[in-house]
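Below you'll find the structure, written out as structure tokens, and then a few comments.
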Amino acid sequence: MSVLDRVNSPKDLKKLNIDELNELCSDIREMMIKTVSNNGGHLSSNLGVVELTVALHKVFNSPNDQIVFDVGHQCYTHKILTERKDSFSTLRTEGGISGFTRPDESKHDIFSSGHSSTSISAALGLAKAKQLKGEKGKVIAIIGDGALTGGLAYEALNNSGNDNSNLIVILNDNNMSISKNVGSMAKNLTTIRTSSKYVTFKSRVQRALSKIPKIGVQISRTVTLINSKIRKKVYHATLFEDLGFRYYGPIDGHDISALLDVLTVAKAHTHSVFIHINTVKGKGYNPAEKNPTQFHGIGRFNIDTGEPNITSKSFSSSFGETMCKFAEKDSRICCITAAMAEGTGLCEFANKYPKRFFDVGIAEQHAVTFSGGLAKNGLIPVFAVYSTFLQRSYDQLVHDVAMQRLKVIFGIDRAGFVGEDGESHQGILDTAYLNSIIGLTVFAPSSYDELEAMFYQGVYKIDGAVAIRYPRGSQGIMPEDYIYNHNSYTVFGNTNSKNCIITYGIEFSQCYEAYKKCNDAFLIKLNKIKPIDSNILKCLDSCKNVFFFEEGIRTGGVGEIFGSMIAEEKLNVNYKLIAIDDEFVKQASVENQLKHYKLDSKSIYKIVNNNGESDG
């Protein structure tokens, strides 16, 4: 029986010795690699925090002690240790466990997280609530994997250091170059400072000094001040010390003994503590250690070789090719990413045009305003960003780009369903919130050729900011004779037909498949979805039923806007909008998500053929 077989909850860790804990870490890595190779997921970041997570559950008592994982994607070991070992094989599958922390999945998942840099803010709120209610227990925020490049993390650090709450912040530094390399003296002092004997001795001395009449308290304060200055000289940790934290580190994040020591000391503190640990991203799996970026978020892969099972062309790669093609001819074009160069297809651009490529870290708000500054001084900035992450910079979209009428191009990747990444990553909200931004033009290509052509329009034919939204993965079926003519919409079939099908973007492929089977219908593809060309309403004069299919949220979406245009013109048609109701989309394959929301070709055909009624 392996050690992992004996561990079914955090309580079982309390019985294990160091050797058994190290063996447990090996068992967990083996399970993790096997599952992610079958299901896809975030592998390298999770391989890096195995020892840390095991040590946390050894020292602390979850869920009384509350553990908050930043981004949430580095929680796989946590899930295995918190009564989900037997269901771990269902990771990121429909009806299975999530790839992120989910409070409705386990009492040990304290805070839901799918975006970066939120853990310290959430943890401080949790700690302060515990304090006000008189509840015992620590709150631990684990941040890293680039998340400390996000501004929200610094807002939280500024608010939490000089606080006597039971907050512990752990920086998982996997080669981020946050702080200076420290020498052997600092490492030796760290070993001393994390010794329980040292902490006990220090506490006794401080209590004794404080009891000396009149001068005791002042002596204690002076000693503390001198101690602080020495630590700053040795550790170069001025940022975290100046913010008011008790700083420990750097600690080897793969040394169980060292982790247990520092966490035990942190647990004894009544002041905010900051622990800096160094880890290797992808630890324990050679392909992931060699290429941690590729294995950060990966689909199914071959365990023996580390090679992904599918390497087909995608909208992301097509976008990257388009950027290189245009940048070659126009020196004003530059690209911005928020730590997602590979995910958004910009690696080749970064290599070819390094002076025109800007990776700003996980800082979408800064990326948008930075792009505005580039545009103001005559460049043509293109910010490539996932739909779900662009929503973090709504205020900057309004104030720092649209209101100033600046030419910024937004390449919105992963628009629509994204499948197994789950609720926090579905790109279903962007059309709704972009509809409210004055002066913004939004295109929705259905093919790679359209993506390139629409980018050309956005750069050279349209004033102001432009967004081009495209899906995850490959293009769908397109009519063989179709050529995009730069019109704002395209009509297929006879407009004298009874039924009209309308859609945009990647959903066009599903609608086109259904349209080919319909006897009395025509199809309209919106190419520009904001603003919608009002001339399109003339196409509806002779039809009876209009069906709008949208892979996005209903409220405020394109279909709702189009419905209001029909109502304002008082057109005598029956209008039906098929979109996502007021709910977050759960994890499943994109194919099953389309079926669930009746946006697949079979459901579309049935709805149109039955005059608006689906047979379920």
Side-chain angles (χ1 to χ4, degrees), residues 149-151 315-316 318-341 343-387 389-413 430 433-434 436-445 450-470 486 488 527-531:
T149 59
F315 273 94
S316 300
S318 178
F319 174 79
E321 292 170 6
T322 298
M323 292 303 98
C324 289
K325 184 183 296 187
F326 279 79
E328 184 179 2
K329 298 177 181 179
D330 192 334
S331 61
R332 297 174 300 165
I333 291 176
C334 50
C335 285
I336 300 94
T337 181
M340 297 295 290
T344 56
L346 290 178
C347 289
E348 184 180 357
F349 185 99
N351 291 329
K352 284 187 173 182
Y353 308 103
K355 292 184 178 180
R356 288 190 270 159
F357 174 74
F358 306 97
D359 187 342
V360 301
I362 306 177
E364 292 85 1
Q365 293 170 290
H366 165 59
V368 173
T369 303
F370 172 68
S371 297
L374 292 172
K376 186 69 176 180
N377 265 0
L379 296 182
I380 302 176
V382 181
F383 178 31
V385 59
Y386 287 8
S387 167
F389 299 140
L390 181 61
Q391 65 202 29
R392 309 185 79 188
S393 52
Y394 179 81
D395 180 67
Q396 288 70 32
L397 281 164
V398 174
H399 284 264
D400 302 330
V401 174
M403 192 176 293
Q404 302 195 53
R405 297 174 178 84
L406 295 174
K407 168 71 73 176
V408 177
I409 310 296
F410 297 92
I412 306 178
D413 203 331
D430 62 88
Y433 67 76
L434 291 178
S436 66
I437 297 179
I438 298 165
L440 177 69
T441 299
V442 184
F443 287 99
E450 282 189 330
L451 174 61
E452 181 177 334
M454 290 175 180
F455 181 77
Y456 175 85
Q457 283 181 271
V459 172
Y460 300 111
K461 301 296 181 181
I462 293 175
D463 294 329
V466 175
I468 304 169
R469 65 184 308 272
Y470 43 93
H486 290 202
S488 56
N527 302 318
K528 186 170 67 175
I529 57 176
K530 181 184 185 299

Give, for atom CG of N527 and atom CE of M454, the distance between the pair rounded to the nearest 0.5 Å.
4.5 Å
Non-neighbouring partners of D400 that pass side chain to side chain donor-acceptor pair (under 3.5 Å), sequence neighbours left out
T369
CE (M403) and CD1 (I438) are apart, to the nearest 0.5 Å, by 7.5 Å
Test side-chain contact (heavy atoms from CB on, under 4.5 Å) applied to M323 and L346, step by step
CA-CA 8 Å; M323 292 303 98; L346 290 178; 4.0 Å; yes
Please report the shortest heavy-atom distance between A327 and Y353, naming the atom on each side.
CB-CE1, 3.8 Å
May I ask you to decide if the ring planes of Y433 and Y394 are parallel, tilted or perpendicular, using 30° and 60° as cut-offs?
perpendicular
Where at least one partner belongs to residues 325-335, residue pairs that pass salt bridge (Lys or Arg N to Asp or Glu O under 4.0 Å), sequence neighbours excluded
K325-E452, D330-R332
Distance check, rounded to the nearest 0.5 Å: T441 atom OG1 versus I468 atom CD1?
10.5 Å
How would you list all residue pairs meeting salt bridge (Lys or Arg N to Asp or Glu O under 4.0 Å) that involve residues 344-357, not counting sequence neighbours?
E348-K352
Point-to-point distance, once rounded to the nearest 0.5 Å, from OG of S371 to CD1 of I380:
12.5 Å
Which heavy-atom pair separates F357 from A350 by the least distance, and what is that distance?
CD2-CB, 3.5 Å
Search all heavy atoms of G372 against all heavy atoms of L406 and return the closest pair with its distance.
O-CD1, 3.4 Å
Taken in chain and number order and not counting sequence neighbours, the residues that satisfy side-chain contact (heavy atoms from CB on, under 4.5 Å) with K530 are N435, L440, V442
I'd like to know whether the aromatic ring centres of Y460 and Y456 sit less than 6.0 Å apart in this structure.
yes
At their closest point, which heavy atom of G458 faces which heavy atom of I409, and how far apart are they?
O-CD1, 3.8 Å
What closest approach, in Å, do P354 and N351 show between heavy atoms, and which atom pair accounts for it?
CD-O, 3.6 Å
Given side chains that start at C-beta, do those of I412 and L434 come closer than 4.5 Å, heavy atoms only?
yes
Any side-chain heavy-atom pair of F389 and I362 under 4.5 Å
no
Would you say the side-chain atoms of N377 pair up with the backbone N or O of G373, donor to acceptor, closer than 3.5 Å?
no
Show your reasoning for whether side-chain contact (heavy atoms from CB on, under 4.5 Å) applies to F370 and I336.
CA-CA 9 Å; F370 172 68; I336 300 94; 4.0 Å; yes
Say whether S316 and D413, considering side chains only, have a donor N or O and an acceptor N or O under 3.5 Å apart.
yes
Heavy-atom pair of closest approach, residues V360 and A338:
CG2-CA, 4.2 Å
Would you say the side chain of H399 lies within less than 4.5 Å of the side chain of V401, judging by non-hydrogen atoms?
no
Run L397 and L390 through side-chain contact (heavy atoms from CB on, under 4.5 Å) and show every step you take.
CA-CA 9 Å; L397 281 164; L390 181 61; 4.1 Å; yes
Pairwise salt bridge (Lys or Arg N to Asp or Glu O under 4.0 Å) hits with a residue in residues 367-384, at least two apart
none
In Å, rounded to the nearest 0.5 Å, how long is the span from OH of Y386 to CZ of R392?
14.5 Å
What class does the angle between the rings of F319 and F455 fall in, given that below 30° is parallel, 30 to 60° is tilted and above 60° is perpendicular?
perpendicular
Atom pair CG/NZ of L374 and K407 - distance to nearest 0.5 Å:
15.0 Å
Using the side chain to side chain donor-acceptor pair (under 3.5 Å) criterion, which residues pair with S387? Sequence neighbours excluded.
D430
